[in-house]
Amino acid sequence: MERYRIAPGTDVDLAAHDPSERLTFDGPKKLGKEELGALTLRLRELQELLYAEGRNRLLVVLQAMDTGGKDGVIRHVFRSVNPQGVKVSSFKAPSDRELARDYLWRIHKEVPARGEIRIFNRSHYEDILVVRVRDLAPPEVWERRYGHINDFERMLADEGVTIVKFFLHISKEEQAARLQSRLDDPHKHWKFSTADLRERKRWDAYEQAFEAMLSRTSHPHAPWYVIPANSKWYRNLVIASILVDTMEGLEMRYPEPEMDLSDIRIE
Ligand code: ATP
Ligand code: MG
């Protein structure tokens, strides 16, 4: 899974990352789904341990082009985890109340507490993605934010937050197919938004903004992973594997009981 991690200082060219890759798993889709089942059960155990130990906190950041599959990752990868142990924060266009403050204000309030997994469905990265692409702030304003974001995540990591960031990489053709299926399938009509068509026209500008993000904000304490996401089951498998590896790396232990439990008799 290391192959998907962006090493600090890499000048990322998304054209060199195949969104259809299934390299580390050649088995048929069915086997991939069974493997995902095993990984999601392991994630359930690791989350319980995280909560019981009450020491670590895990922040999972999801960014993607529209239709990239953020919702699908949340639904499938975390399907077995105790709902009390994982929370999702979704960041839409900021409200007036949020816009009246600095852009990290709404983000900082949502960081995970001890023992918690927190998923960011979009994040502070929107402030160097959509803001940059749609000219919502002048270049000198968003340019400074790469530094702010690096400092913010450094501070979180120093304070004990484990950060993992996933960019779900789909091709422009795959996005066309997914948007089309939202038009064709009556059960998906509600997901269709003309705003997605408007943003699709800016595909190249978004790719550049994602490349700058990946090149400038991946660090050992807060790595970016570029996930091949044209295939949904492969995407889920890779993300689940990385999360299991990351959590196993925390060397968590169940806390020792405060007294000798062998003497206790339940009457
Ligand atoms: P998603 O597309 O993430 O599944 P959604 O479809 O339910 O969510 P949308 O309203 O389409 O909801 O997506 C949220 C929108 O808010 C996106 O277009 C995103 O770029 C925008 N957004 C998020 N953060 C910011 C920000 N800081 N400044 C401006 N726009 C933002
Ligand atoms: Mg959307």
Side-chain angles (χ1 to χ4, degrees), residues 19 59-79 86-111 118-150 152-153 165-172 174-185 187-214 216-217 227 229-230 232 235-236 239:
L59 174 59
V60 180
V61 174
L62 298 177
Q63 288 288 165
M65 296 278 194
D66 292 311
T67 76
K70 296 183 274 80
D71 295 309
V73 167
I74 296 169
R75 208 166 49 244
H76 293 292
V77 174
F78 294 93
R79 67 188 181 207
V86 50
K87 296 196 177 114
V88 182
S89 301
S90 298
F91 296 98
K92 310 256 172 178
S95 65
D96 288 345
R97 201 170 123 75
E98 290 166 344
L99 281 174
R101 291 162 171 92
D102 69 89
Y103 68 98
L104 289 176
W105 178 74
R106 66 173 183 160
I107 309 290
H108 200 175
K109 290 192 297 184
E110 301 292 317
V111 299
R118 183 66 71 121
I119 304 166
F120 280 5
N121 181 355
R122 302 185 189 267
S123 66
H124 40 304
Y125 284 99
E126 292 293 325
D127 292 283
I128 50 160
L129 293 167
V130 62
V131 168
R132 168 176 165 154
V133 170
R134 307 203 67 224
D135 280 326
L136 300 179
E140 58 274 23
V141 169
W142 55 254
E143 179 58 42
R144 293 193 293 254
R145 293 181 174 172
Y146 294 91
H148 301 158
I149 289 173
N150 285 330
F152 174 61
E153 292 183 357
K165 302 180 290 194
F166 297 110
F167 169 62
L168 313 181
H169 183 34
I170 56 165
S171 62
K172 198 173 179 188
E174 179 64 21
Q175 188 191 55
R178 291 185 186 184
L179 288 171
Q180 188 62 47
S181 80
R182 291 180 180 186
L183 290 175
D184 297 344
D185 179 350
H187 290 131
K188 291 186 181 168
H189 284 173
W190 65 274
K191 284 199 208 177
F192 187 80
S193 142
T194 49
D196 291 350
L197 297 183
R198 188 188 67 207
E199 297 310 303
R200 179 174 166 79
K201 292 205 175 74
R202 299 189 163 94
W203 181 275
D204 293 343
Y206 270 108
E207 284 222 312
Q208 279 177 15
F210 279 119
E211 286 171 345
M213 170 190 89
L214 296 164
R216 297 174 67 179
T217 63
I227 307 297
N230 277 0
K232 294 175 184 176
R235 167 201 80 197
N236 294 340
I239 291 180

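Everything numeric in this text was worked out from a predicted model, so none of it was measured. Both backbone and side-chain heavy atoms feed into the values below; hydrogens, waters and symmetry mates do not. Each ligand, and each atom within it, is numbered from 1 in the order the structure gives.
- Looking only at heavy atoms of the protein, atom 30 (N) of ligand 1 is closest to V130 CG1, 3.5 Å.
- Residue V61 comes nearest to Y125 through the heavy atom pair CG1-CD1, 4.2 Å, listed as atom of the first residue, atom of the second, then distance.
- In this comparison of E98, R122, K92, the heavy atom closest to atom 17 (C) of ligand 1 sits on R122.
- Within the 4.0 Å cut-off (strictly below), a protein heavy atom is located near atom 1 (P) of ligand 1.
- When all heavy atoms of S89 and R118 are compared, the closest pair comes out as OG-NH1, 2.8 Å.
- Close approach of ligand 1 to D71 (heavy-atom distance below 4.0 Å) involves ligand atoms 4 (O).
- For L136, no nitrogen or oxygen atom sits less than 3.5 Å from a nitrogen or oxygen atom of ligand 1, counting backbone and side chain alike.
- Under the 4.0 Å distance rule, the nearest protein heavy atom to atom 6 (O) of ligand 1 falls outside the cut-off.
- In this structure a side-chain-to-backbone donor-acceptor pair under 3.5 Å is missing from D66 to R200.
- Ranking the protein heavy atoms by distance from atom 16 (O) of ligand 1 puts A93 N, 2.9 Å first.
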When the side chains of residues 131-142 are checked against the rest of the protein, which donor-acceptor pairs come out under 3.5 Å, sequence neighbours left out?
from	atom 1	to	atom 2	distance (Å)
R132	NH1	Y146	OH	2.8
R134	NE	E199	OE2	3.3

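- Considering only non-hydrogen atoms, atom 23 (C) of ligand 1 lies nearest to F91 out of Y125, F91, Y206.
- Distances shorter than 4.0 angstrom occur between a heavy atom of R106 and an atom of ligand 1.
- Judged by distance alone, the side chain of E98 and the main-chain N or O of S95 form a donor-acceptor pair under 3.5 Å.
- Side chain of E110 to backbone of F120: no donor-acceptor contact under 3.5 angstrom is found.
- In terms of protein heavy-atom proximity, atom 28 (N) of ligand 1 is nearest to P94 CD, 3.3 Å.
- Looking only at protein heavy atoms, the nearest one to atom 3 (O) of ligand 1 is K70 NZ, 2.5 Å.
- The backbone N or O of T194 lies less than 3.5 Å from no partner atom in the side chain of R198, so there is not a single donor-acceptor pair.
- Residue D127 has at least one nitrogen or oxygen atom sitting less than 3.5 Å from a nitrogen or oxygen atom of ligand 1, judged on distance alone.
- Ligand 1 has no atom lying under 4.0 Å from any heavy atom of S193.
- When ring centroids are compared, H108 and F152 come within the 6.0 Å threshold.
- Rounded to the nearest 0.5 Å, atoms NE2 (H187) and CG (D184) are 14.0 Å apart.
- In terms of protein heavy-atom proximity, atom 20 (O) of ligand 1 is nearest to E126 OE1, 2.9 Å.
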